[in-house]
Novice: 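I am attaching a structure below and will ask some questions about it afterwards.
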Amino acid sequence: MGKASRDKRDIYYRKAKEEGWRARSAFKLLQIDEEFNIFEGVKRVVDLCAAPGSWSQVLSRKLYLPAKLSPDSKDSDLPLIVAIDLQPMAPIEGVIQVQGDITNARTAETVIRHFDGGKADLVVCDGAPDVTGLHDMDEFVQSQLILALKLFFTEVTFAKPKSSRNSSIEAFVVCENYSPPEGFNEKDLHRLLEKIGSPSGADDLDCSSGWLEGPNKVYIPFLACGDLNGYDSDRSYPLPKSADGSYQSLDPVQPPIAPPYKRALEMKKASSHGTQGLEKLSLDP
Ligand code: SAM
């Protein structure tokens with residue numbers, strides 16, 4: 001598929017390039033913010049699973065740059081933005097990068113060090129849990145995850161930004177008002193997480209308040225967000241033409257610098273040049 005064809009088919013892909021975003025996902029975070037005002041008063045923020053960095057760009061443009069450009073700004077007033085990914089990403093102004101696994105405790109310790117021991121006001125995450133492909137099991141694990149989140153936050157909402165295609169089941173969970181159960185010790189978190197995803201764990205989860213049953217059954221609201229008259233991500237839009245009637249497709253703003261598929265592409269390229277290339281690649285570490 002040519003770039004112009006994707007520009008026509010995917011309006012958010014084209015708009016991302018026009019507005020300088022590294023990925024079309026930037027619009028998802030912007031539209032979630034339109035609905036939930038998630039950036040208000042935020043001084044410390046973590047972007048989990050951040051590469052290639054369009055959400056970090058949103059954080060930089062919404063939080064860091066306005067603070068930096070404010071006439072009476074002091075260094076101590078600047079928000080701290082920490083972005084984590086397994087992959088490296090090109091630098092973004094005001095964003096501290098940590099290359100690591102978000103499930104590793106050492107990564108969390110690194111973030112806390114950057115915050116001088118303080119807690120994050122906002123955590124954004126664009127990584128999806130791994131799925132097994134066994135739909136019943138996947139659905140069960142994901143609902144356990146949502147229930148676990150509901151233990152820690154008073155408000156939990158599913159959000160479907162307008163830039164997320166209706167044809168995709170993707171949705172984001174917005175959790176507000178962190179209020180952990182009384183006596184909860186953060187060091188015990190891993191014990192709770194161990195229970196999530198194991199069928200027997202369902203009985204062990206602390207549901208003692210009874211909010212899962214009968215009249216207390218929990219319904220998580222599902223909310224569409226973003227201007228509902230705005231661009232529809234499932235529609236094709238005509239391409240804007242210049243005076244001579246031509247259309248110039250823009251290059252991506254910042255392709256990933258070391259994506260996991262890079263080696264696969266190299267191998268594919270090598271195989272189209274004969275097996276010698278493949279043998280050479282297989283000697284690489
Ligand atoms: N929000 C990003 C943006 O706007 O550019 C896009 C994120 S992309 C959909 C998902 C990212 O999750 C990938 O870059 C992948 O490397 C990262 N990822 C997956 N599992 C991870 C893990 N355990 N720790 C850190 N990053 C992870």
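In each ligand, atom 1 is the first atom listed, and ligand 1 is the first ligand listed. We count residues from 1, following the sequence as given.
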Novice: Taking only residues at least two apart or on different chains, which pairs with a member in residues 152-163 satisfy salt bridge (charged side-chain N to carboxylate O under 4.0 Å, His left out)?
Specialist: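 Matches after skipping sequence neighbours: none remain.
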Novice: Considering non-hydrogen atoms only, spot the tightest contact between Tyr237 and Gly230 and give its length.
Specialist: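 Heavy-atom minimum between the residues: OH-O, 4.5 Å.
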Novice: For this output row, return yes or no: ring centroids of Phe27 and Tyr231 closer than 6.0 angstrom.
Specialist: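 No, too far apart.
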Novice: Does anything in residues 90-102 pair up under salt bridge (charged side-chain N to carboxylate O under 4.0 Å, His left out), and if so which pairs, sequence neighbours excluded?
Specialist: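 Of all non-adjacent pairs touching residues 90-102, those that pass salt bridge (charged side-chain N to carboxylate O under 4.0 Å, His left out) are Lys68-Glu93.
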Novice: Any heavy-atom pair between the side chains of Leu80 and Phe115 that's under 4.5 Å?
Specialist: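 SC-SC contact between Phe115 and Leu80 confirmed.
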Novice: Return all side-chain donor-acceptor pairs below 3.5 angstrom for residues 81-92, not counting sequence neighbours, or 'none' if the list is empty.
Specialist:
unit_1, atom_1, unit_2, atom_2, d
Asp85, OD1, Gln87, N, 2.8
Asp85, OD2, Ala50, N, 3.0
Asp85, OD2, Ala51, N, 2.9

Novice: Just to be sure I understand the cut-off, which residues have at least one non-hydrogen atom under 4.0 angstrom from an atom of ligand 1?
Specialist: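 Residues within 4.0 Å of ligand 1: Ser25, Cys49, Ala50, Ala51, Pro52, Gly53, Ser54, Trp55, Asp85, Leu86, Gln87, Gly100, Asp101, Ile102, Asp126.
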